[in-house]
Every structure is written in C-alpha cells, then in structure tokens.
Amino acid sequence: MTTASGLDLLVQRTTTEAVGVLGLHLVHPDGELLPEWQPGAHIDVTLPSGRIRQYSLCSNPTDRTHYRIGVLREEHGRGGSLEVHNTHLTGTTMRVSAPRNRFPLVPADRYLFIAGGIGITPILAMLGDVTAPWQLIYGGRSLDTMAFRQEIADLQGGTTTLVPQDIDGLLDLEEIVGHADNDTAIYCCGPDGLLQAVEQHCAARLPPGALHLERFGAPPNSPPQNSANCEDSAFEVELARTGVTLSVPPDKTVLETVLERAPQLDYSCEEGYCGTCETRVLAGVPLHRDTVLDDAERDSGNTMMICVSRSKTPKITLDL
Ligand code: FES
C-alpha cells in the first residue's frame with residue numbers, strides 16, 4: 001500500500017508515441033494552470049491500483065496548461081506500466097505529486113545528450129530549453145519504438161543522431177564520449193546497462209561532475225537493498241513531529257518500521273532509486289544505500305531514502 005499527496009489531474013487524452021510508448025496528457029479538472037517545473041523534473045503518479053510510479057515530464061515547461069508523460073510498456077516490469085497500457089485512463093483522474101527535479105540542467109558551453117529508449121523523456125524537455133549548442137545521440141531497439149522523433153527533428157539549435165539497434169547496433173560510446181571536451185555537460189538517461197557504460201567512459205576521460213544521469217531502476221546485479229543484511233545493527237529513529245522514538249531492528253528498514261506508526265507515508269520502489277521516500281534528517285548520521293543522492297548530498301547528511309538507508313549513529317531523528 002502506498003500513498004501520495006498532490007493534485008488530482010484529469011487524463012485528457014492518451015497518444016501512441018511509438019510502438020510500446022503511450023503518452024498521457026494530464027490537465028487540471030478546472031482548467032487551472034499546473035505547478036511550475038524545470039526540464040528533468042518528474043512526477044509521482046498514483047495509478048488506479050494504488051501503485052505509485054515516477055514519470056519524467058516531457059512536455060514544454062513554459063506551457064502549464066498540461067503535463068505530458070511517456071510510459072513504456074514493460075512486459076516484465078513491476079506491473080505499473082502494464083496497468084497504464086491496459087487501462088482506459090482517458091477521462092479519469094489520477095493523483096499526481098508536485099514536480100520534483102533530481103536531474104536539473106546546469107549551465108554549460110555545450111551539451112551532449114545520450115538517450116536510450118524511454119530515457120528520451122526528460123531529455124526531450126531539456127532539448128527545448130537549452131540555448132547552448134547541443135548534440136543528441138538517441139538509441140533504441142528499432143526506429144518504430146523510438147518516441148518523439150518528429151518533435152526532435154523540429155527542434156533548432158542542435159544535431160540529432162538516431163541509432164536504431166536493429167540497423168546500427170549499440171551506441172559507440174568510445175566515439176561519442178571521446179569527442180566531448182571539459183566544457184561539455186553530458187546528460188544520459190536510459191537502461192542501466194547504458195548508464196553504467198557511459199559512467200565508465202566518462203570516468204576515464206572527463207572531470208568529475210561532467211556527467212549527469214537519471215536511473216529508472218536499481219543498478220543491475222546490485223543486491224536487493226531493502227532486504228535484511230546480516231551485518232546491519234539495530235538503531236533508534238525519532239519522529240520529530242510527534243516525538244515518538246521507534247526501534248529499527250536489523251531485519252527491518254526504517255520505512256517498514258515507520259509505516260507501522262505512519263501508514264500514510266509516500267514510497268514506491270523500496271529499492272532506493274526513485275526518491276519518493278526521501279526524508280529530511282534532523283540529527284544523526286545516515287548510512288546511505290540509495291542511488292538517488294550524489295556525493296555532496298550524501299556528505300551533507302541532510303536527507304536519506306528511508307526505504308534502504310540506515311543510521312551510522314545509535315539514533316537518527318527524521319522530519320516525520
Ligand atoms: Fe524509492 Fe525509497 S521508495 S527511493
């Protein structure tokens with residue numbers, strides 16, 4: 001059971017953006033303007049089943065009359081994408097969180113965007129926003145599965161290379177990243193195999209901070225982060241808003257422990273990659289195990305993903 005606060009938005013229409021990619025156009029039921037957002041932002045969407053899923057906004061940020069998201073049909077996913085594709089959603093309302101941005105555009109002299117499949121969605125919003133020269137490398141299984149090709153072709157200010165795998169094979173990252181210089185900001189979104197490969201190529205030749213990426217799932221081959229770890233120890237978590245202190249045993253997560261007292265908490269992936277459960281830390285030192293925060297955010301200790309992260313100190317105080 002998951003919950004989410006936010007707006008109830010109307011699914012005005014759905015559109016087929018490519019084979020296996022459905023676009024959802026969300027509007028305020030009373031025609032009001034929607035909250036502002038910046039390219040790279042995503043929203044948490046509560047599906048009819050109660051599942052919460054994160055989708056990047058891929059409409060125009062200056063047009064606040066609607067949000068658009070693109071949803072890939074995943075036969076072997078966790079069920080959310082099939083629910084979207086198999087349910088008649090037009091005319092229904094769905095609870096949507098305020099946009100959150102963990103993939104913001106930074107100022108740069110040049111941009112290199114690398115998109116894999118549905119990873120084009122946050123990048124599409126960026127392409128319409130950047131004023132510096134940009135290059136987009138967009139890979140997909142085949143051309144007919146690659147969404148928003150015409151919109152991208154209509155954009156000014158950059159160059160696009162489409163790389164359908166059935167014709168051109170995998171992206172040649174050695175070549176692609178090899179042409180980037182230190183003044184180029186690289187943005188990558190797509191399957192984890194692509195993200196890991198891009199990370200490796202960038203680490204070998206570019207300064208730290210040049211690469212910006214967004215994960216849609218836990219890294220492959222990573223152990224399930226939300227399961228018990230025999231080396232974990234118990235600690236206390238204080239919920240500052242009520243003053244209640246709970247004991248988190250080694251075989252439970254903070255989220256599981258807190259849900260027993262506060263079942264209305266928002267969460268989704270329970271694997272530390274979606275950011276839905278991010279919680280402010282008021283005292284104590286978190287033991288981070290997520291893939292959302294960057295190094296500076298981890299070092300600050302200001303927030304933690306309570307579905308996977310624990311405490312280095314005997315007690316941690318959360319803004320809950
Ligand atoms: Fe996704 Fe915690 S629920 S990061």
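Atoms within each ligand, like the ligands themselves, are counted from 1 in listed order. Along the sequence shown, the residues carry numbers beginning at 1.
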What are the atoms of ligand 1, with element, lying closer than 4.0 Å to any heavy atom of Cys269?
1 (Fe), 3 (S), 4 (S)
Counting heavy atoms not belonging to Arg78, are there more than 12 under 6.0 Å from its CZ?
yes
Tyr273 neighbourhood, listing ligand 1 atoms whose heavy-atom distance to it stays under 4.0 Å:
4 (S)
shortest atom 4 (S) of ligand 1-to-protein heavy-atom contact is with Gly275 N, 3.3 Å
Using a 4.0 Å heavy-atom cut-off, which part of Glu271 comes near ligand 1: side chain, backbone, both, or neither?
neither
Inspect the contact between Arg53 and Glu83 and indicate whether a charged nitrogen and a carboxylate oxygen are less than 4.0 angstrom apart.
no
More than 12 heavy atoms of other groups within 6.0 Å of Arg205 CZ
yes
For the CD atom on Glu36, are there more than 12 heavy atoms of other groups (residues, nucleotides or ligands in this structure) within a distance under 6.0 Å?
no
Taking both backbone and side-chain atoms into account, decide whether Cys277 has an N/O/S atom under 2.8 Å from atom 2 (Fe) of ligand 1.
yes
Near Cys307, which atoms of ligand 1 are under 4.0 Å from a heavy atom of that residue?
2 (Fe), 3 (S), 4 (S)
Answer yes or no: is there a donor N or O on one side and an acceptor on the other, between the side chain of His28 and the main chain of Leu7, under 3.5 Å?
no
Under 2.8 Å from atom 2 (Fe) of ligand 1 - does any N, O or S atom of Cys274 fall there?
no
Any Lys/Arg nitrogen of Lys315 or Glu238 sitting under 4.0 Å from an Asp/Glu carboxylate oxygen of the other?
yes
For Gly272, the ligand 1 atoms whose distance to one of its heavy atoms is below 4.0 Å
4 (S)
